[in-house]
Protein chains: 2
Amino acid sequence: MNLKELSAHLGLSQTTVSRALNGYPEVSEETRKRVMQAADQFNYRPNTRAKALATGRAMAIGHVIPLSTQHEMMNPIFGDFISGAGEIYSQSGYDMVLSLVADEDQSRAYHEMAAKRNVDGIVLHAPEMRDRRITMLQEIGLPFAVHGRATDIATPYSWLDVNNKSAFQRATDFLLDLGHRRIALVNGQESMDFAFRRRRGYEAALAARGITPDPGLMFAGEMTEVYGYDSVRRTQALDDPPTAYLVSSIIAAFGVRRAVEEAGLVMGRDVSIITHDDDLSYLRNGAEVPVFTATRSSVREAGRRLAKLLISQIENPGTAPLTELLEAELTVGRSTGPSPNRT
Amino acid sequence: MNLKELSAHLGLSQTTVSRALNGYPEVSEETRKRVMQAADQFNYRPNTRAKALATGRAMAIGHVIPLSTQHEMMNPIFGDFISGAGEIYSQSGYDMVLSLVADEDQSRAYHEMAAKRNVDGIVLHAPEMRDRRITMLQEIGLPFAVHGRATDIATPYSWLDVNNKSAFQRATDFLLDLGHRRIALVNGQESMDFAFRRRRGYEAALAARGITPDPGLMFAGEMTEVYGYDSVRRTQALDDPPTAYLVSSIIAAFGVRRAVEEAGLVMGRDVSIITHDDDLSYLRNGAEVPVFTATRSSVREAGRRLAKLLISQIENPGTAPLTELLEAELTVGRSTGPSPNRT
DNA sequence: CCAAACATCCAAAGCGCTTTGATAGATCAC
DNA sequence: GTGATCTATCAAAGCGCTTTGGATGTTTGG
């Protein structure tokens with residue numbers, strides 16, 4: 001059933017039917033009601049393709065996912081982010097189109113999206129430190145918003161980010177207050193902007209107390225369970241092992257806990273752990289009392305907000321870029337306690 | 001730059017340019033080359049919307065994700081599945097559109113997708129035992145393929161599934177061969193078809209050795225870390241605790257391991273664990289020697305294959321439904337060993 | 001040398017919608 | 001009673017592409 005058939009059946013012009021359905025005022029209430037009813041009865045939905053062509057709006061938002069084997073962006077947090085964003089999209093009538101693209105095709109992919117005009121805007125994921133994709137998208141002129149930020153990009157753009165620096169600074173402070181002095185950082189890949197900022201926060205807190213960061217206690221890598229495990233194994237073999245671990249992901253934190261317990265140490269007594277917690281739906285941090293003390297920020301909520309931000313950007317073209325900085329909350333669980341080395 | 005402008009610039013008709021770009025034979029090689037070059041130079045890409053309208057093909061495939069809070073389908077395996085499917089889609093020129101839909105809107109969502117004509121086919125996720133969505137899609141007449149199967153649906157449809165029954169039957173057999181007699185099943189939600197089949201496999205293996213399944217050893221629930229942990233805590237409190245655990249997800253297996261180790265037991269000696277392993281990119285089962293003995297089947301590969309299957313279905317309408325049954329491999333790791341209770 | 005076959009190209013219709021510009025008829029002001 | 005204003009409707013153009021059905025010139029066969 002299409003517009004033509006529907007209007008023929010009603011004995012009205014396509015114009016009138018279209019107007020009636022789209023809520024234009026120049027249609028009598030009576031006919032509008034009649035049209036609505038018929039549309040309902042025949043389960044009429046305007047053909048998206050035709051509508052998009054006529055209006056110039058695709059009513060879709062693109063997410064380009066780098067499909068590299070190196071850093072699997074299709075990672076655990078992605079599902080939750082998408083889930084949050086998708087919620088808003090469906091509320092606002094947008095579709096979400098996902099493109100998985102090999103790293104070397106990134107540039108081509110964005111240009112293609114712009115030229116093919118099948119999305120009204122783009123969400124950029126996992127920005128690196130001075131991500132070339134941002135300037136690229138600025139040149140292309142398609143609305144976009146970044147989940148995260150990229151240090152060293154001068155021209156303004158829309159983004160939403162967690163205050164990673166402050167979160168890790170506060171977490172480090174918290175451990176320092178508990179008397180810990182040897183604090184290991186089990187960070188994500190530091191070419192990623194968020195990881196870089198977290199390290200800055202960690203270092204800033206140490207510096208404020210006159211402690212020089214020990215390179216032997218700082219790790220950067222893919223945030224897997226095994227990575228967390230290995231980091232502990234290596235540091236516990238040191239002469240002066242750390243009494244606390246600051247971890248960038250709850251998955252790695254699982255590995256950290258495993259290694260700690262395997263070494264016969266008790267978490268929260270012999271060794272303290274703070275992890276960043278993206279509040280993933282399938283990896284809840286304990287029930288009533290959190291297992292881990294954590295810097296928590298829901299990535300699903302981030303998805304929701306970034307979606308809103310981008311939609312507003314799309315629907316009000318010409319406005320200045322929007323930005324939003326979320327503060328993570330520091331929630332205390334059972335994984336932290338005073339340093340055993342406290343004098 | 002659109003077709004009109006491009007052809008004007010070339011001094012050719014739109015027809016010829018279109019034909020040249022789409023590889024039709026009635027164009028001289030010389031002009032084709034000229035057209036190709038100009039298209040390249042101006043970075044011309046046909047407008048998807050217009051093309052879709054003209055051809056009647058959207059060149060997109062829809063994934064409808066139930067957005068229930070009850071069972072979070074946006075779960076860890078989803079990212080990997082999508083990643084595999086997306087790989088094939090981009091190779092074949094399809095876009096992937098994701099719709100997150102609340103459970104109560106499922107029916108409406110499918111009808112809408114069909115009426116709006118913005119996808120050429122649909123992938124159905126996480127089928128329940130006699131999933132109503134399948135018959136619904138059959139009635140609608142939009143091509144679709146199911147990741148998994150639904151018991152008790154008579155009319156044929158396209159699906160791709162892991163042989164869950166055989167996998168869990170073999171795993172149970174493997175444990176029985178090692179002398180285990182008290183084997184716990186830590187299963188997923190058994191309204192899900194895959195979980196139901198796994199239990200059938202488990203029960204079949206026990207029955208073959210004349211063992212009656214003990215309801216006190218069988219669990220069904222959301223496959224979280226804490227769920228795995230709790231299952232062990234409960235069973236180890238029994239008079240006659242199990243010596244082996246058969247687990248439906250590697251995330252739950254982490255929890256099982258944690259509880260086992262916390263109880264002072266050694267995995268692979270005092271207690272054996274076999275888990276199903278979806279071979280997730282960010283949750284690798286150990287390095288050289290797998291940590292867990294596992295029934296393994298890559299969900300990413302499943303995504304790839306199901307995508308191919310659906311595309312073939314779309315491009316050859318009228319052919320019989322396609323089905324594919326993947327066998328999981330049973331890989332031996334360090335989590336299994338002879339039963340300590342063996343006489 | 002002429003009709004048939006072929007190789008290239010083009011004008012125009014059509015995909016299903018929105019939107020512009022017009023047209024009737026009703027209502028109003030005076 | 002008449003021109004102006006509103007109201008409710010419609011015909012037709014246009015979005016950017018593909019595709020049908022010619023048209024034009026060139027070869028080819030006999």
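By convention in this document, chain letters (A, B, ...) are assigned in the order of the sequence lines, proteins followed by strands, and residues within each chain are numbered from 1.
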Relative to the ring of A:Phe144, is the ring of A:Tyr157 parallel (under 30°), tilted (30 to 60°) or perpendicular (over 60°)?
parallel
Given atom NZ of B:Lys116 and atom P of C:dG16, what is their separation to the nearest angstrom?
17 Å
Using 4.0 Å as the upper bound for N to carboxylate O, is an ion pair formed by A:Arg34 and A:Glu30?
no
Closest to side chain of A:Ala54, choosing from C:dC9, C:dC17, C:dG14
C:dC17
Residue-level proximity of residues 17-24 of chain A to DNA chain D when a heavy atom falls under 4.0 Å
A:Arg19
Whether A:Thr55 contacts C:dT19 is assessed here as follows: a side-chain N or O lying under 4.0 Å from the phosphate OP1 or OP2. Is that the case?
no
Nearest-angstrom distance from the residue atom CD of B:Glu26 to P of D:dT24
19 Å
Is the distance from OP1 or OP2 of D:dG16 to the nearest side-chain N or O of B:Lys51 less than 4.0 Å?
no
Using distance alone, with no hydrogens and no angle criterion, decide if A:Gln313 and A:Ser158 have a side-chain donor and acceptor under 3.5 Å apart.
yes
In whole Å, what is the span from the NZ atom of B:Lys4 to the C1' atom of D:dG14?
9 Å
At less than 4.0 Å, is any side-chain N or O atom of B:Tyr44 found next to OP1 or OP2 of D:dC17? Yes or no.
yes
Presence of salt bridge, B:Lys33 and B:Glu29, under 4.0 angstrom
no
How many Å lie between CE on B:Met59 and P on D:dC17, as a whole number?
16 Å
Side chain of A:Thr15, base of C:dT19: donor and acceptor closer than 3.5 Å?
yes
Please report the distance, rounded to the nearest Å, between CG in B:Asn118 and P in C:dC17.
13 Å
Counting just side-chain N and O atoms, does A:Thr16 come under 4.0 Å of either OP1 or OP2 of D:dC10?
yes
To the nearest angstrom, the CD-C1' distance between B:Glu30 and C:dA7 comes to 13 Å
Pick one: which of A:Arg149, A:Arg305, A:Arg304 meets salt bridge (charged side-chain N to carboxylate O under 4.0 Å, His left out) with A:Glu324?
A:Arg305
Can you tell me how far C1' of D:dG14 sits from CG of B:Asn47, to the nearest Å?
14 Å
Just to confirm, is there a sub-4.0 Å distance from OP1 or OP2 of C:dC9 to any side-chain nitrogen or oxygen of B:Thr31?
yes
Hey, could you give me each pair passing ring pair (Phe, Tyr, Trp, His ring centres under 6.0 Å) that has a residue in residues 33-52 of chain A? Not counting sequence neighbours.
A:His9-A:Phe42
Find the distance A:Leu6:CG to C:dT18:P and express it as a whole number of Å.
12 Å
Position toward the 5' end of DNA chain C (nearest nucleotide), A:Leu3 or B:Glu29
B:Glu29
Under a 4.0 Å N-O cut-off, is there an ion pair linking A:Asp120 with A:Arg57?
yes
Picking from D:dT9, C:dG16, C:dA11, the nucleotide nearest the side-chain atoms of B:Ser13 would be C:dA11
